[in-house]
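Before any comments, here is the structure.
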There are 2 protein chains.
Amino acid sequence: MESRTARPPSGAPSRFRRVAATPAYRQVAEAIEREIIAGRIRPGEPIGTEAQLVSQFGVNRSTVREGIRLLEHSGLVRRDSSRRLWVGLPHYGRLALRMSRALVLHEVTFRELYEASLPMQLATVEAAVERATPETIAQLEENIARTERALGDPSEVAKLDAEFHGLVGKASRNRVLQLAREPSELLVMPTTEMILKRVKEGAPRLLHAHRMYVDAIRRRDKQAGRLWARRHLEDWRKGFERAGKDLDQPIDRIYLEST
Amino acid sequence: MESRTARPPSGAPSRFRRVAATPAYRQVAEAIEREIIAGRIRPGEPIGTEAQLVSQFGVNRSTVREGIRLLEHSGLVRRDSSRRLWVGLPHYGRLALRMSRALVLHEVTFRELYEASLPMQLATVEAAVERATPETIAQLEENIARTERALGDPSEVAKLDAEFHGLVGKASRNRVLQLAREPSELLVMPTTEMILKRVKEGAPRLLHAHRMYVDAIRRRDKQAGRLWARRHLEDWRKGFERAGKDLDQPIDRIYLEST
DNA sequence: TTTCGTCGGATTGTCGGACAATGGATTTGA
DNA sequence: TCAAATCCATTGTCCGACAATCCGACGAAA
């Protein structure tokens, strides 16, 4: 793609940057984005109507619309029921989904995923132990109760496992950690179902680990929390290998179907 | 925004999901996205011309264009010099930038940032110790040499620090970890400059920590790597507090200017 | 043979205008 | 006072058009 700049006839140094004439629709998007990033328009406030933007930017409505679409995708701009434009807060889930997709497209391996998940999981549990409220603990216990009843149904258990880890993430009350952890979680989770289907002692072990998690959180015992987080994830890895899969294999696209 | 579904005349249960008439431009975007995610079009391959898409989808060109803009923003679709459409690999840097922006818009605190950075930093160093190649080690040493020469210039040192951690990330050869760590790094980095300007023993301490990092990597000594990663980040925190800032304060928008 | 103009076709960026569908506001009717 | 009918603003989609640009080809010149 750089063929043009990368072909100086002889040893001539490539002296010039490629010229870039930013199209109007992108200028529109960038202008609006700047206003939001700088905080001059705050989340929840209305951006004008398309007609207003047309007159402000002095371009055609089609151009404005293309610019807006650019921002709409990232969540910086939302539309309400009447389709009017508002400044939005990019939602974690959306971003995490995109990141996990990017990871798959880059063909990262399960080993990378496992290696990265472990420390983030440990940190999350530690924070959760420190800051969990009685409310979230109750939610965790309720989740465990439901898991008990669903022990025979792998896909249901996998779903509850995902919910469980989501709750632990919430309990950590660290949004940076949550956002960092969630893309990996989105990729680990679907494989859990596969593992549970093939390794029949998986579900009880998972349930037991969850119980110990919550127990550690209730007793504010960081060491126990870390221990069980580690065991839980190691179980995942072992189950993965026991199911006949190779850790150094790229993550399968299949695990993205759930759009 | 849920006003329509939330108004059952009496106590009648809300039995029906709200019908969602997905606009055509979004259907176009989703259709293309699905093809890419599923791997039926691979990165580097051309998506058709706008005219082709028009005839395939049976909608107007304006609609196709709006749909494409949605994807363009996420990097799934790129344009080359001739503005033709290609399937692209979403670039880490782009995604990380968006994530860090989202974090700022959500007004996360420096404490959250610090707490999340520490474990990820430790894991990164550990992986780097394990897998660094002579090449990247050489690059790290070269970075240190440049840092030595720039000791008097806080903003230059901050820039080199960012580069250093980028190199360590590369050395870790774990892309999941890298992607998880980078948004935080993008927010930690700009504050380093501020700290270095106000705490004059900051720069030498930073340099020393970097030296010990590389030393640990060269000797494949995980313990030392972890130790110095921890000290380095703790230095950052202490410097932050010594500069008179409060860890529980939301991250300032200012640190996003560098688009 | 290689390099340089030039030309034509293809494609994108932008524009202007148009209309149906929809939501919100307003007025009307009971 | 409240519900129904009406109006108006706005969006989603379409159509057609044109300039700017890129690509490839074809010759002309060195």
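Residue numbers begin at 1 in each chain, while the letters A, B, ... track the order of the sequences. Below, each value reflects all heavy atoms present in this structure, side chains not excepted, and no hydrogens, waters or symmetry copies. These numbers come from a predicted model, not from an experiment.
The nucleotide whose nearest atom lies closest to any side-chain atom of Ala24(A) is, among dT13(D), dT14(C), dT12(C), dT14(C).
Between Arg26(B) atom CZ and dT13(D) atom C1' there is a gap of 15 Å when expressed in whole angstrom units. Rounded to whole Å, atom C1' of dT10(D) lies 10 Å from atom CZ of Arg79(A). As rounded to whole Å, 13 Å separates atom C1' of dT13(D) from atom CD of Gln27(B). Computed from coordinates, the Leu53(A) CG to dT11(D) C1' distance equals 13 Å when rounded to whole Å. Nucleotide dT10(D) holds its C1' atom 15 Å from the CD1 atom of Ile47(A), rounded to whole Å. The nearest whole Å value for the distance from the CZ atom in Phe57(B) to the P atom in dC14(D) is 12 Å.
By the salt bridge (Lys or Arg N to Asp or Glu O under 4.0 Å) test, Arg131(B) pairs with Glu115(A), sequence neighbours left out. Among residues two or more places apart in sequence or in another chain, the side-chain hydrogen bond (donor to acceptor under 3.5 Å, both in side chains) test is passed with Arg65(A) by Glu50(A), Glu66(B). Taking Glu33(A) as the reference, Arg98(B), Arg101(B) meet the salt bridge (Lys or Arg N to Asp or Glu O under 4.0 Å) condition, with sequence neighbours excluded. Glu142(B) is linked by a side-chain contact (heavy atoms from CB on, under 4.5 Å) to Arg146(B), counting only residues two or more places apart in sequence or in another chain. In this structure Tyr92(A) satisfies the ring-ring contact (aromatic ring centres under 6.0 Å, His included) test together with His106(B), sequence neighbours excluded.
Annotation: of the two residues near DNA chain C, Arg83(A) and Pro23(A), the 5′-most nearest-nucleotide partner is Pro23(A). Between Leu85(B) and Arg84(A), it is Leu85(B) whose nearest contact on DNA chain C lies nearer the 5' terminus.
Heavy atoms only, all atoms of each residue included: Asp80(A) and Arg84(A) are closest at OD1-N, 3.0 Å.
Taking every heavy atom of residues 59-77 of chain B and every atom of DNA chain C, pairs under 4.0 Å involve Arg61(B), Arg65(B), Arg69(B), by number.
Within the 4.0 Å cut-off from OP1 or OP2 of dG24(C), at least one side-chain nitrogen or oxygen of Ser81(A) is found.
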